[in-house]
Structures are given as structure tokens and as C-alpha cells.
Amino acid sequence: RDEAALLAALARRPMAGFDLKPLYRVLAAAGQSQASTRDAREEKGGRPGPPEPLPVPAGDVKLAAYLLDPVRNRYHLVDLARQFLGVEVEEGPADRPADPACRTPALLGRDAALCARLRPAIEAEIAARGLERVYREIELPLVPVLAAMEVAGIAVDREQLERLGRQFAARSEELAQRIYELAGETFNINSTQQLGQVLFERLKLPVVKKTKTGYSTDAEVLEALAAEHPIAELVLEYRSLAKLRGTYVEGLAEHIGPDGRIHTTFQQTVAATGRLSSTQPNLQNIPIRDEPGRSLRRAFVAAPGHRLVAADYSQIELRVLAHYSGDRALHEAFAHGQDVHARTASEIFGVPLEQVTPEQRRVAKAVNFGLAYGQTDFGLARALRIGRAEAKRFMERYFERYPGVKRYMEETIRRARQTGEVTTLFGRRRPIPEIRHRVPHIRQNAERVAINTPIQGSAADIMKLAMIRVHGALLREGLSARIVLQVHDELIVEAPEDEVPRVAALLRREMEGAYRLDVPLVVEVKAGVNWYEMEEMNG
DNA sequence: CAGTTCACG
DNA sequence: ACGTACGTGAACTGT
Ligand SMILES: [Mg+2]
């Protein structure tokens, strides 16, 4: 009654504040239930029309503070008050939203007043630092989009999840018994400490790597030990099943709501590069690389009568690199729609494109992959399990054939050293003070960050713009389809069956057109009844 | 709470 | 001689 009127009033009026997404989530949820009653009215002959979109927030001091310094680990209102107003106060409801005790009228009013005073101070700094566009055109318009995605959630088939859980448990138990037999005792396989004692003391296996606290038992070590003792492979498989059961089967089940859906939270002020992250639960790291983990995606389903439509950017980071570097050869590969990894292989190995072997392509793919990370010969050698000298030759050959890329990287580091920061396509900034550090490994780490951040961050800028465009286009075109997930270079939309062709076309159009690079952006679209079985729609 | 490990892009 | 590919989040162990 009064609450509905209040929400309706709030939904019409642009607001400024601190961390507005949770409020937008409430408004989006109210709008969603209102939409279903409106649909019911239309069935009875009411007037159709697109739903009212929520207004873009007028300001959000938390988002602004994040743009000013995206590396901080928290953006509490009290910290901002100290930094920008020189005011020292106790934490209130803005910083302790889960604590009902501090939700008093006095403190709520105080925090609101702090926001009002902070906003001009912080926004002046935003303007001064050239962050106006990323603030007004990306982060603020994204708030209602993310809120709508969180409210929509994604449907999960609990029975499917539990079936997989039983399979994983059975296999896991079998592996544990065989591990105990080979060890000659039972122990907690999940304990790295106990596992280390079994492997390196009882079984006397060679120690290949150490951690700060003792023996390393990570996958790389176990893969090396597999040549020495059969227990290693069993532990590897046991580990992967333990991860699947704990993190995914059990972890996800706890998050299924009464509506049969999981509603993640997208963090907009965490990743230093400008990416989103996903928590409670993390839906951006659902297994895909191997079975049986990949089969978990069968549990992520479209509602009855609907389909999941997934659209992902092809090679977005390499395209950003091509754009920034202006490298002729890299440009050409994308302009001609070539298979970039094959093209790179052909360049590195000096063979015609048609004669590139799968092995050569695999090497080239690893080289391309490492570029965005500021790769070293050591890192490439480890990734490919080859000698460091050979890795060094591959990299030298690459930079001979792609001199523009080499130049770009050197120039990026030089500028970062000069300015103490790097920026993205949209002017997002990341300070990198360590780039002038006198300890070599700290400085070198900073140099890799300087290479990676403009690439990863610009890709994030493009994706965020695309999300705003897709969300707007869906509403404008009166479609019921809604974005439900973002996984860095991929958007997942839930669409009524009959909207699928239109939604697929819309996704391609809005994502490919989100930003004009010097090379084309290409989007691949798939659709299916769940997140596992998806058919290409690149017709 | 730190440390280790491992899931994703 | 050192440390070594970028960015995340979650589960688990052990203190
Ligand atoms: Mg992709």
C-alpha cells in the first residue's frame, strides 16, 4: 500500500547516494511483480506498452570512489568521509547494512547527509581526473542493469544437481579407498599437510616444489609425480571431484531460492581492472573445460517455454591489443576474419597458413594467450611444458613478426613509469606505483600489470557498454527476454522460445556495435534449454 | 584468519 | 640469486 506508493515514487525519481544497487534491486523486484500484473491486465484487453525503465542514478559516491582508486579493498562511507571531508565518524548503516542495530533514524539520516556532502567533493575529483565518461556513461547506467540481472536470477534444476552429486560422491569414495590402500593408511586427503607427509615421507616421492609452509601438492606437482607413483593420478581425480562436490553441488544448492533460481550478486567495485565479479555464489566460474565438471552446466536451465541464449565476444582481448598496437599483421588477421592462432603459428614457424599443424597452432595459441599477461619465457615454458630456451625462441620470433605489439608494450611500460598509472579505452585508470620500485621482481610484476590492465580493462569497458545497450534494446523492443548472467566476455539471456531469433540478432547487433575499434568485434551466439547443450546460431 | 588449492575468463 | 603470465571467489585445513 504505502510501500508500493513509496517504491513507485522512488522508481520515478533519479537518486544519488552510496551503493545504490541494493536499492535498485528492490525497485527492480517491485517492477517485476508489477509487470506480471500488467501482463495479466493486457490479457483482458488492457493497453500494451513497454515497461518503464528505472532512471539512471544521478550519482553514487561508492562507484565514484572506486573509479578514483580501483585498487582499494573497501570503500566504506566512513573512509570517504575522512578522505574527502576530513570528518571522523563511527560506521553507520551504509557500512554495516547487515547490522539491524545501526539502522536507527539518526544514523540513517547521518549517512544520507554524508552522501550529500561527499557527492560534490568526489564528483569534482572525478571530473578533474577525466573519469566523467566512464562514470556517467558506463558505471552509473550499469547499476539498474545489474540490479535487474540479480533480481532475474537463473533457474537451477536441483534434481539434476543432486544426481551429479551422487555420481561424484560414489566415484570419490572409490578413489579414497584406493588412495588409502596405496598409502598403507587412512588419512585426510583434503589436508595438504597430511597428504604431503604421505607422498614425501611415507612413500618417499621426490619433492618438486615447496610452499611457504611445507611441501607443495598442487596439480602441477601431482602431474609430475604421476610418472613416479600411481597414487598421484588418483589424488588428482579425487581433488577435482572434491572441488565439484563442495564448491558446486553443495555450494550452489544452498543458494537456490524458493523461486527455484539462484540470484548472484555482481560486485561493481572489486576488480582493479574494471571487470565485474560475482559472489554468493560466484556464477562466473562454473566448470566448462573438462568433464565431468562441465556437466554441471546441465543444471542451469531455462524456465519452461524459454531458452538460454549465450553470446560471447570472440578474442576480445587480442582485438583490443590489435587496436591499441596498430600492428599491421595482427590487424590483417582480424580484418580478414582469419583464425588468429593459425595465423600466428604460420608467422612464428614460417609455414603457409594451410600447412600449420595442430601442434603448431597450440603453441601459437599459448603465445597469443600470454601476450595480454605480459608473458615471460619462463611462464610460456611452464604453460607449454617446454624448455625455457625454446620458449624464448618462440617469443622472439613472435615479436619479430609483430613488431607493433612489441613497440606498444614497451611504450605502455614507459608511459606507466612516467605517469605512475595506466588507462583503458574509456579513461578508466589504475595507479601502479610499484612500477618505479627498486626491487626487480616487484617492478617486473608491476610491468605485467601495466600491460594487462589496459587490455583486460578495455574489454571490460566494452562489455559493460554492451550490457547497457542490450538491456535497453530488450526493453525498447518490448521483449520479455532478460540478461541473467555476465561472464566477462559472455552474456547469458533467458528468452521466451518465440523471441529467440530476435534476441539472437539483437545480442549480435548490440554487442558488436558497442564500440568501434580499428578491428571488427565479432560475437558468437548459441542457444539451448540448458547451459550445457547449446547450439550455434551464427547463421 | 592465513595459507593452499582450484574453478572461471 | 630471485621470482616469474593477468584478473577474480570459494572451500577446506589448521592455528
Ligand atoms: Mg570467447
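Convention: sequence-line order gives letters A, B, ...; per-chain numbering from 1.
- The distance from atom CD1 of A:Ile286 to atom C1' of C:dA10 is 11 Å, rounded to the nearest whole Å.
- Rounded to whole angstrom, the span from the CE atom of A:Met467 across to the C1' atom of B:dG9 amounts to 14 Å.
- As rounded to whole Å, 9 Å separates atom C1' of C:dC2 from atom CD of A:Gln444.
- Comparing the same atom, C1', in C:dG3 and in B:dC8 gives a spacing of 25 Å after rounding to whole Å.
- Residue contacts for A:Ala460: at a heavy-atom cut-off of 4.0 Å it reaches no nucleic acid atom on any strand shown.
- Distance NZ (A:Lys210) to P (B:dT5): 13 Å, rounded to an integer number of Å.
- Across all strands shown, B:dG9 forms a Watson-Crick or G-U wobble pair with C:dC6, both key distances being under 3.5 Å.
- Note on A:Arg289: a side-chain N or O is less than 4.0 Å away from OP1 or OP2 of B:dC8.
- For the P atoms, the distance linking C:dT4 with B:dT5 amounts to 14 Å, nearest Å.
- Note on A:Arg294: every side-chain N or O is 4.0 Å or more away from OP1 and OP2 of B:dA7.
- When only modelled atom types and interatomic distance are considered, A:Ser325 and A:Tyr402 share no side-chain donor-acceptor pair under 3.5 Å.
- Distance noted for atom P between B:dA7 and C:dC2: 30 Å (whole Å).
- A:Ile288 comes within 4.0 angstrom of sugar-phosphate atoms only, judged by non-hydrogen atoms across all strands, and of no base.
- In the set B:dT4, B:dA7, C:dC6, B:dT4 carries the atom at the smallest distance from any side-chain atom of A:Thr211.
- Taking the ring axis of A:Tyr75 as reference, the NZ or CZ atom of A:Lys62 does not stay both within 45° of it and closer than 6.0 Å to the ring centre.
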Go through A:Phe394 and A:Phe349 one step at a time and tell me if the ring-ring contact (aromatic ring centres under 6.0 Å, His included) criterion holds. CA-CA 9 Å; A:Phe394 290 149; A:Phe349 295 102; 5.5 Å; yes

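- Rounded to whole Å, the distance from CZ on A:Phe300 to C1' on B:dA7 is 12 Å.
- The side chain of A:Arg382 places no N or O atom within less than 4.0 Å of a non-bridging phosphate oxygen (OP1 or OP2) of C:dT4.
- Nucleic acid contact for A:Gly374: none, since no nucleic acid atom lies under 4.0 Å from a heavy atom of the residue.
- Out of C:dG7, B:dT5, C:dT4, the shortest distance to the side chain of A:Thr376 is found at C:dT4.
- Per the geometry, CE belonging to A:Met409 stands 11 Å off C1' belonging to C:dA5, to the nearest Å.
- In this structure, B:dG3 forms a base pair with C:dC12, meeting either the Watson-Crick or the G-U wobble geometry with both donor-acceptor distances under 3.5 Å.
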Given side-chain contact (heavy atoms from CB on, under 4.5 Å), test A:Leu146 with A:Met467 step by step and report yes or no. CA-CA 9 Å; A:Leu146 294 177; A:Met467 293 169 73; 3.9 Å; yes

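- An OP1 or OP2 oxygen of B:dT4 is reached within less than 4.0 angstrom by no side-chain nitrogen or oxygen of A:Thr217.
- Counting to the nearest Å, the P atom of C:dG9 and the CD atom of A:Gln486 are 13 Å from each other.
- Of the residues A:Asn190, A:Thr217, A:Asp218, the one that meets the side chain to side chain donor-acceptor pair (under 3.5 Å) test with A:Arg239 is A:Thr217.
- Inter-residue side-chain proximity for A:Gln486 and A:His488 is flagged as met; some heavy-atom pair is nearer than 4.5 Å.
- Summary of the strand contacts: A:Leu380 and A:Gly246 both lie near DNA chain C, and taking for each the nucleotide with the nearest heavy atom, the more 5' one is attributed to A:Leu380.
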Can you give me the N/O atom pairs linking the protein to nucleotides 13-15 of chain C at distances under 3.5 Å, or say none if there are none?
| from | atom 1 | to | atom 2 | distance (Å) |
| --- | --- | --- | --- | --- |
| C:dT13 | OP1 | A:Asn188 | ND2 | 3.1 |
| C:dT13 | O3' | A:Ser191 | OG | 3.2 |
| C:dG14 | OP1 | A:Ser191 | OG | 2.3 |
| C:dG14 | OP1 | A:Gln194 | NE2 | 3.4 |

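- At a threshold of 4.0 angstrom between heavy atoms, the contacts of A:Asn285 include nucleobase atoms, whether or not backbone atoms are also involved.
- Ranking C:dG9, B:dG9, B:dT5 by closeness to the A:Val270 side chain, first place goes to C:dG9.
- For A:Arg298 and A:Tyr532, the positive end sits near the middle of the six-membered ring, less than 6.0 Å away and at most 45° from its axis.
- Within 4.0 Å of A:Ala372, counting heavy atoms only, lies no atom of the nucleic acid at all.
- When each of B:dC6, C:dC6, C:dT8 is scored by its nearest atom to the side-chain atoms of A:Gln456, the top-ranked nucleotide is C:dC6.
- Comparing C:dG9, B:dG9, C:dA10 by their closest approach to the side chain of A:Gln267 singles out C:dG9.
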Please evaluate residues A:Arg275 and A:Glu317 with respect to the criterion salt bridge (Lys or Arg N to Asp or Glu O under 4.0 Å), reporting the C-alpha separation (whole Å), side-chain torsions for both, the decisive distance (0.1 Å), and the verdict. CA-CA 13 Å; A:Arg275 274 192 178 180; A:Glu317 292 192 354; 3.6 Å; yes

Evaluation steps, salt bridge (Lys or Arg N to Asp or Glu O under 4.0 Å), between A:Arg407 and A:Glu410: CA-CA 5 Å; A:Arg407 249 199 326 275; A:Glu410 290 164 351; over 6 Å; no

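- Atom pair A:Arg430:CZ and C:dC6:C1' shows a separation of 9 Å (rounding to whole Å applied).
- Side-chain atoms of A:Ser458 and A:Tyr515, non-hydrogen and from C-beta on, never get closer than 4.5 Å to each other.
- For A:Thr213, a side-chain nitrogen or oxygen approaches OP1 or OP2 of B:dT4 to under 4.0 Å.
- Checking the phosphate oxygens (OP1, OP2) of C:dC6, a side-chain nitrogen or oxygen of A:Arg448 falls inside 4.0 Å.
- Distance from the side chain of A:Arg239 is smallest to B:dT5 among C:dG3, B:dT5, B:dC8.
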